[in-house]
Amino acid sequence: MKLSVNIDHIATIRQARMTNEPDPVYAAVLAEMGGADGITVHLRQDRRHIQERDVEILRRVIKSKLNMEMAVSMEMVKIALKYKPDLCTLVPESKDEVTTSGGLDVIMFADKIQEVAGNLLAAGIGVSLFIDPEIDQIKACHRLGIRIIELNTGDYAKNAGNSYARLELEKIGKAVNYTKKLNFTLLAGHGLTYQNIRPIAAITEIEELNIGHSIVANAAFLGLKQAVARMKELLVC
Ligand code: PXP
């Protein structure tokens with residue numbers, strides 16, 4: 001299973017002092033040296049961590065795939081068209097949230113998603129939709145012609161270690177089976193840690209996991225290259 005490393009929180013540390021270190025570009029190179037198959041950044045509308053300058057330089061420097069998470073907005077489309085990441089992951093975004101707090105409602109916002117995704121796809125940029133593991137949402141992605149989805153593992157991750165975790169894993173399992181029938185490329189992520197990753201890493205239909213906070217947190221003690229390498233080891237089942 002592949003690993004895309006989300007380096008937003010390297011930028012969070014930089015922005016805490018509004019300085020120029022630590023540089024997410026340096027982090028991306030180290031993550032690749034540790035075995036990352038891709039680098040993910042979320043260019044938020046409030047620019048709380050990743051800046052446009054980061055996307056610009058990452059695009060030129062990294063050797064693996066660049067995934068830009070973004071809100072469903074034409075402002076973000078303009079930026080994506082400028083830097084051409086390999087993939088844009090559309091996520092719901094609100095300025096009051098600490099982190100992405102759930103999947104996109106692809107049924108409710110179908111028109112807007114179609115407009116934004118259409119512009120990106122026309123420019124040759126891949127589009128993934130971050131959704132909760134729900135069959136109706138998967139069907140809505142399919143209706144829009146989207147063929148890459150990232151399943152939100154946040155509810156599983158929050159409950160790992162208690163009795164709800166099994167229910168959340170069952171939900172994810174059903175969603176995975178459904179996506180298989182419809183030929184989606186399947187990604188997953190949110191809230192995954194070294195402790196809770198195993199049941200998700202065992203789902204062979206998932207091509208890639210998107211993990212940020214836990215890797216960056218462990219990097220403070222281990223170094224980033226080592227933290228990525230340790231997570232990669234857990235993805236080999
Ligand atoms: N996937 C999506 C769509 C996200 O928004 C995030 C957080 O930025 C992640 C995955 C990674 O989550 P975490 O930082 O909890 O590993």
Side-chain angles (χ1 to χ4, degrees), residues 1-13 15 24 27-28 31 36-51 54-55 58 65-73 76 80 85 87-106 109 113 116-117 126-134 137 141 146 148-160 168 172 175 185-198 200-201 206-220 224 227-228 230-232 234-235:
M1 193 175 283
K2 290 184 184 161
L3 172 64
S4 184
V5 177
N6 181 317
I7 54 171
D8 291 350
H9 295 310
I10 298 291
T12 301
I13 300 172
Q15 297 311 111
D37 303 287
I39 299 297
T40 294
V41 289
H42 185 172
L43 185 68
R44 283 185 165 267
Q45 293 173 109
D46 64 10
R47 303 295 193 272
R48 67 173 75 159
H49 38 53
I50 292 294
Q51 308 296 308
D54 301 326
V55 180
L58 285 167
K65 294 213 163 131
L66 181 62
N67 172 27
M68 182 174 126
E69 288 178 14
M70 56 181 254
V72 186
S73 93
M76 285 297 147
L87 184 68
C88 283
T89 300
L90 306 187
V91 298
E93 197 179 293
S94 118
K95 62 178 172 15
D96 303 323
E97 68 193 1
V98 175
T99 178
T100 313
S101 52
L104 270 179
D105 189 337
V106 185
F109 300 108
I113 293 170
V116 164
V127 174
S128 169
L129 302 184
F130 180 64
I131 57 166
D132 292 330
E134 287 169 11
Q137 293 296 334
C141 294
I146 302 292
I148 309 175
I149 55 183
E150 179 180 338
L151 289 180
N152 180 9
T153 54
D155 283 342
Y156 156 71
K158 263 191 287 199
N159 288 293
E168 292 301 333
I172 291 172
T185 296
L186 195 55
L187 321 174
H190 209 269
L192 297 174
T193 67
Y194 297 84
Q195 287 74 35
N196 68 22
I197 189 108
R198 282 207 184 271
I200 300 293
I206 298 174
E207 282 191 18
E208 184 171 272
L209 294 178
N210 191 337
I211 307 178
H213 184 267
S214 189
I215 291 177
V216 172
N218 277 269
L224 186 58
V228 171
R230 268 192 61 200
M231 188 61 89
K232 273 290 280 196
L234 297 177
L235 302 193

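Positions are given from 1 along the sequence. FYI, side chains are in, hydrogens and waters are out, and symmetry mates aren't considered; it's all heavy atoms of this structure. Counting convention: from 1, in listed order, for ligands and their atoms alike. Since we're looking at a predicted model, the values are computed, not measured.
Judged by distance alone, with hydrogens and angles left aside, the side-chain atoms of Y194 form a donor-acceptor pair with the main-chain N or O of A227 at under 3.5 Å. Put simply, the side chain of E208 never gets that close to the backbone of I206: no donor and acceptor are under 3.5 Å apart. Checked by atom type and distance alone, the side chain of N6 pairs as donor or acceptor with a backbone atom of D8 at under 3.5 Å.
Using modelled atom types, one finds a donor on one side chain and an acceptor on the other under 3.5 Å when comparing N67 with T40.
The two residues A27 and I7 come nearest to each other via the heavy atoms CB-CG2, 4.3 Å.
Considering CD of Q15 and CD of Q51, their distance stands at 4.0 Å, rounded to 0.5 Å.
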Give a table of atom pairs where an N or O of ligand 1 lies under 3.5 Å from a protein N or O.
| residue | atom | partner | partner atom | Å |
| --- | --- | --- | --- | --- |
| ligand 1 | 1 (N) | E150 | OE2 | 2.5 |
| ligand 1 | 5 (O) | E69 | OE1 | 2.9 |
| ligand 1 | 5 (O) | T100 | OG1 | 2.6 |
| ligand 1 | 8 (O) | N6 | ND2 | 3.3 |
| ligand 1 | 14 (O) | H213 | N | 2.9 |
| ligand 1 | 15 (O) | G191 | N | 2.8 |
| ligand 1 | 16 (O) | G212 | N | 2.8 |

